[in-house]
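One structure below.
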Amino acid sequence: MILRTLLLVLFLLTSLTACNSSVEKAFDIATDNIDRKPINRDKLGVNAFFNEPGFGSIDAQYAEIKNTLGINFIRVLFAWDNNVQPSPGDSPNFSFFDDIIESIPPGVSVVVVLAHTPSWMSNSSNWIEGNPRKTWVERFLRKAVSRYAGTPGVLAWEIWNEPDLTTSDSDAALELAEPANYFELLSLGAHVVRTTDPTRIVLNAATSSINQDYPDILNYNKTLAALGATSIVDAWNIHYYGKQFERVVDGNGIAPFLNSLAKPIWVTESGAQGPNNQLAYVETAWPFLEEEIPGIDLFFYYNYASTDPLELNYGLRNNDSSSLVSDLYVHLRDG
């Protein structure tokens, strides 16, 4: 009887200790009490869109990212818009994309995001077989992938960007806010990449930040995975802004889902606004995510340069004379 009582007391004490530990961890996460830790620079990439000449030529921006900041992974955007193809009868003008590809320095690996539509795509009479998603793949993705197939420096093709959001009527015509429609676009696009440029990595488009609009954005990802998207990509792509760390460790949350995919995870956008907030953010959010989601291979900071107002600016560089570079820029430059 005494032995049974002692065992019961020991069990209760052990359970209470474990419970308190879990409560303390949950409380720490909910209050953002996360330790700062050094970021893993081997996994560091950056978004750079080269569309602001005030920050230098394409060659100069590449050189600064590689040589000054020590970053060898760069995510670029190829946007199919009216500048590229103003009417259905025009041939696409890929000259800006050519400059980006031809300027890739040795040792740099580029992720190319293919996204968006010219305004004439909002007119269904311009669609192939009445299907806007097939039209996008055949009239833009196929031509871009074929043009740059085998080009040194291209690491991956990312098929669209944040499909749960729409930024124009012509983009909305593809109806990608419905996961099944994006899955169709991804399937068609991935097939083109596999047959045209087979050595490249295929990435799904990351949704908007997976920890925000919770759980709707997470559920969009879960639906894509259930449809079979994991079988047609080489890595699973997410965006992560803000904190909401408790949503990562929730039993039905972000980490359990991503850890179940058996795919490398790429975080292709993540960052913080304001030049004095970036370093603290990446030294808390990124190591925390890496601990909870061990499959993360790459983090791409958003972004290299921006002309947004300073308090809204995600850029490592900006054009405000009071603070031209951020604390993260200084840390990378001087580290």
Side-chain angles (χ1 to χ4, degrees), residues 28-29 31-52 54-77 104-111 155 206 209 211 237-245 248 265-294 296-335:
D28 284 348
I29 292 171
T31 56
D32 298 333
N33 188 17
I34 305 293
D35 292 336
R36 288 178 66 167
K37 298 178 182 178
I39 60 173
N40 186 341
R41 295 185 66 150
D42 292 337
K43 295 185 175 183
L44 177 60
V46 70
N47 287 265
F49 303 141
F50 304 113
N51 57 349
E52 294 288 352
F55 294 108
S57 67
I58 294 174
D59 285 335
Q61 292 182 50
Y62 267 128
E64 182 175 28
I65 292 167
K66 180 179 186 289
N67 301 326
T68 302
L69 302 180
I71 298 174
N72 294 319
F73 296 98
I74 302 176
R75 181 173 180 255
V76 304
L77 173 65
I104 299 174
V108 166
S109 297
V110 167
V111 175
L155 174 66
S209 189
N211 54 311
N237 182 16
I238 68 167
H239 291 168
Y240 198 100
Y241 290 96
K243 297 181 179 179
Q244 299 89 28
F245 300 135
V248 174
I265 307 300
W266 289 16
V267 184
T268 56
E269 287 187 21
S270 184
Q273 292 173 305
N276 299 316
N277 300 322
Q278 296 175 12
L279 181 59
Y281 180 77
V282 301
E283 288 187 338
T284 51
W286 291 9
F288 171 78
L289 291 174
E290 197 170 4
E291 289 174 4
E292 299 296 333
I293 308 164
I296 294 178
D297 278 357
L298 290 170
F299 290 92
F300 288 78
Y301 185 79
Y302 184 89
N303 60 359
Y304 161 68
S306 172
T307 58
D308 289 339
L310 201 59
E311 68 277 6
L312 303 176
N313 199 302
Y314 286 91
L316 297 172
R317 292 184 61 188
N318 63 80
N319 61 350
D320 190 307
S321 59
S322 67
S323 182
L324 290 173
V325 296
S326 73
D327 55 1
L328 178 56
Y329 181 104
V330 172
H331 175 77
L332 295 173
R333 180 194 65 195
D334 299 345

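The model shown is predicted, which means the values in this text are computed figures rather than measured ones.
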Which pair of non-hydrogen atoms, one from N72 and one from G107, has the smallest distance, and what is that distance?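 Shortest heavy-atom contact: CB-O, 3.6 Å.
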Which atom names give the shortest non-hydrogen contact between T268 and A206, and what distance separates them?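 In this case the closest contact between T268 and A206 is OG1-CB, 4.2 Å.
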Working to the nearest 0.5 Å, report the span between [atom1] of [X] and [atom2] of [Y].
{"X": "N237", "Y": "R75", "atom1": "CG", "atom2": "CZ", "value": "6.5 Å"}
{"X": "N303", "Y": "L316", "atom1": "CG", "atom2": "CG", "value": "7.5 Å"}
{"X": "I71", "Y": "K66", "atom1": "CD1", "atom2": "NZ", "value": "12.0 Å"}

Partner set under side-chain hydrogen bond (donor to acceptor under 3.5 Å, both in side chains) for N318, not counting sequence neighbours: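 For N318, no residue satisfies side-chain hydrogen bond (donor to acceptor under 3.5 Å, both in side chains) once neighbours in sequence are set aside.
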Taking side-chain hydrogen bond (donor to acceptor under 3.5 Å, both in side chains) as the test, write out the residues that go with S326, two or more places apart.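 Partners of S326 by the side-chain hydrogen bond (donor to acceptor under 3.5 Å, both in side chains) criterion, ordered by chain and then number, come out as Q278.
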Test item: [X] and [Y] side chains (from C-beta on) under 4.5 Å apart, heavy atoms:
{"X": "E64", "Y": "Y329", "value": "yes"}
{"X": "L310", "Y": "P275", "value": "yes"}
{"X": "L279", "Y": "L328", "value": "yes"}

Please report the C-alpha distance between F299 and V282 in whole Å, then the side-chain angles of each, then the deciding distance to 0.1 Å, and finally whether the side-chain contact (heavy atoms from CB on, under 4.5 Å) criterion is met. CA-CA 10 Å; F299 290 92; V282 301; over 6 Å; no
Partner set under ring pair (Phe, Tyr, Trp, His ring centres under 6.0 Å) for [X], not counting sequence neighbours:
{"X": "F50", "value": "Y62"}
{"X": "F55", "value": "none"}
{"X": "Y314", "value": "Y241, Y302"}

Please confirm whether the backbone N or O of [Y] pairs with a side-chain atom of [X], one donor and one acceptor, at under 3.5 Å?
{"X": "N47", "Y": "Y301", "result": "yes"}
{"X": "S270", "Y": "Y240", "result": "yes"}
{"X": "D297", "Y": "W266", "result": "no"}
{"X": "N211", "Y": "V248", "result": "no"}
{"X": "T68", "Y": "I65", "result": "no"}

Please output the side-chain donor-acceptor pairs of residues 38-45 that fall under 3.5 Å, not counting sequence neighbours, one pair per line with the distance.
from : atom 1 : to   : atom 2 : distance (Å)
N40  : OD1    : D42  : N      : 3.0
R41  : NH2    : L69  : O      : 3.0
R41  : NH2    : L332 : O      : 3.2
K43  : NZ     : E290 : OE2    : 2.6
K43  : NZ     : I296 : O      : 2.8

Aromatic ring pairing F300/F73, orientation class (parallel under 30°, perpendicular over 60°, tilted between):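 Because their plane-to-plane angle is over 60°, the rings of F300 and F73 count as perpendicular.
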D320 and S322: side-chain donor and acceptor closer than 3.5 Å?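 Looking only at side-chain atoms, S322 and D320 do form a donor-acceptor pair, the distance falling under 3.5 Å.
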Stepwise side chain to side chain donor-acceptor pair (under 3.5 Å) check, E52 with Y304: CA-CA 11 Å; E52 294 288 352; Y304 161 68; over 6 Å; no
